[in-house]
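Taking it in order: structure first as structure tokens, then the write-up.
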Amino acid sequence: MAPTLLELAHWSTWAVCAVIKLPQLAAVLAAGSARGVSVGSLLLELAGFLVFLRYQIYYGYPLQTYLEYPIIIAQDVILLLIILRFSGNTKRAFFYAVTFWGGWYVLTLRKWIIDLAMNLCTLISAASKLAQLRCLWQTKDSGQVSALTWTMSAYTCATRILTTVMTTNDVAVLIRFIVMLILNVWVTATILHYRKTKKTD
């Protein structure tokens, strides 16, 4: 039963991650605006994903435990480019690309760098969720923020808690997924709260 459960968790995570950012992309494109979406949150999320992916590759963890990350990163990059276009800041894209590319290389110059980065990765990823929460609290409007995308993120964190326990049992990875699950649920609840509040006004 355990191998079947593990395979189900892997496949469902990959399936969800294949489309995880599509609701957010669709909402932004349909509105022609990125109102409510925090660029800072997206940049921190991208940084966290890149560090996590690099860590998994560096330590030779099974591909099944991180296969979704290149897919999510690609979707985040597309979302970032669209947001930058709508905000008139497309020139910043080159700066972000160079920064992330350089960071990808620097992470594995020394073992202590990748280990430290992974420990900081949880803080970086948490900061991305907190930045989105802050944006929601300040505007009191969920705008174009997709509750479905955040719900899917919570689901994938829950499945990755299971797969981490069943495969690598890496404590740093496990802590990261638990913290991200809690924060993803919090962001989802906040989005739904402001959406409900707006409908009743």
Side-chain angles (χ1 to χ4, degrees), residues 1-28 41-80 100 103-104 107-108 111 113-129 132 145-192:
M1 170 132 164
T4 304
L5 183 60
L6 184 61
E7 287 300 312
L8 178 64
H10 284 316
W11 280 101
S12 67
T13 299
W14 299 332
V16 168
C17 287
V19 297
I20 198 163
K21 296 293 179 171
L22 295 185
Q24 186 63 71
L25 285 163
V28 169
S41 171
L42 187 58
L43 290 169
L44 288 167
E45 181 179 69
L46 257 172
F49 286 164
L50 287 167
V51 168
F52 186 76
L53 177 62
R54 193 67 162 156
Y55 178 86
Q56 296 280 324
I57 293 168
Y58 183 83
Y59 280 105
Y61 285 157
L63 181 62
Q64 299 92 326
T65 62
Y66 63 89
L67 184 61
E68 68 273 15
Y69 280 87
I71 298 164
I72 299 171
I73 289 168
Q75 291 177 60
D76 264 356
V77 168
I78 293 167
L79 180 59
L80 179 62
F100 285 128
W104 178 263
L107 284 171
T108 56
K111 181 184 179 304
I113 296 173
I114 191 71
D115 290 340
L116 177 63
M118 181 57 198
N119 288 320
L120 293 175
C121 177
T122 299
L123 295 174
I124 293 167
S125 295
S128 79
K129 311 308 181 209
Q132 184 59 58
V145 184
S146 170
L148 181 56
T149 292
W150 287 92
T151 302
M152 289 190 291
S153 293
Y155 172 79
T156 61
C157 286
T159 60
R160 283 305 177 208
I161 290 168
L162 176 71
T163 61
T164 301
V165 168
M166 295 177 76
T167 56
T168 64
N169 217 12
D170 186 314
V171 175
V173 172
L174 197 55
I175 290 169
R176 179 183 187 279
F177 284 128
I178 291 168
V179 170
M180 293 308 99
L181 173 61
I182 292 165
L183 291 173
N184 283 329
V185 169
W186 192 1
V187 172
T188 303
T190 305
I191 293 166
L192 295 174

Inset, instruction - Output yes when a side-chain donor or acceptor of S125 lies under 3.5 Å from a complementary backbone atom of T122, and no otherwise. - result: no

Inset, instruction - May I ask you to decide if the ring planes of Y69 and F177 are parallel, tilted or perpendicular, using 30° and 60° as cut-offs? - result: tilted

Legend entry - Smallest separation among heavy atoms of V173 and M118, with atom names: CG2-CE, 3.8 Å

Inset, instruction - Indicate the atoms forming the closest heavy-atom contact of A154 with L181, along with that distance. - result: O-CD1, 3.2 Å

Inset, instruction - Give a yes-or-no answer on whether the side chains of T159 and T13 include a donor-acceptor pair shorter than 3.5 Å. - result: yes

Legend entry - R54 (side chain) donor-acceptor with W104 (main chain) under 3.5 angstrom: yes

Inset, instruction - Evaluate the criterion side chain to side chain contact (heavy atoms under 4.5 Å, CB included) for residue pair Y55 and D170; output intermediate values, then yes/no. - result: CA-CA 11 Å; Y55 178 86; D170 186 314; 2.7 Å; yes

Inset, instruction - Output yes when a side-chain donor or acceptor of Q24 lies under 3.5 Å from a complementary backbone atom of S146, and no otherwise. - result: yes

Inset, instruction - Look up atom CG in L8 and atom OG1 in T4, then write down how far apart they are to the nearest 0.5 Å. - result: 8.5 Å

Legend entry - Donor-acceptor pair, side chain of S128 and main chain of L44, under 3.5 angstrom: no

Inset, instruction - Looking only at non-hydrogen atoms, find the nearest pair between F49 and I72 and report the distance. - result: CE1-CG2, 3.1 Å

Inset, instruction - Return yes if a side-chain donor-acceptor contact under 3.5 Å exists between D115 and Y58, otherwise no. - result: no

Inset, instruction - On the 0 to 90° scale, with breaks at 30° and 60°, tag the W11-W14 ring pair as parallel, tilted or perpendicular. - result: perpendicular

Inset, instruction - Could you walk me through whether T65 and T164 pass side chain to side chain contact (heavy atoms under 4.5 Å, CB included), step by step? - result: CA-CA 7 Å; T65 62; T164 301; over 6 Å; no

Inset, instruction - Kindly give the heavy-atom pair with the smallest separation between C157 and M180, and that separation in Å. - result: SG-CB, 3.5 Å

Inset, instruction - State whether the side chain of Q56 and the backbone N or O of Y61 hold a donor-acceptor pair below 3.5 Å, judged by distance alone. - result: no

Legend entry - Residue pair Q64 / R160: nearest heavy atoms and the distance that separates them: O-NH2, 2.9 Å

Inset, instruction - Go through the steps to decide whether T108 and I113 satisfy the test side chain to side chain contact (heavy atoms under 4.5 Å, CB included), and finish with yes or no. - result: CA-CA 7 Å; T108 56; I113 296 173; over 6 Å; no

Legend entry - I71 to A18 - nearest heavy-atom pair and separation: CG2-CA, 3.8 Å

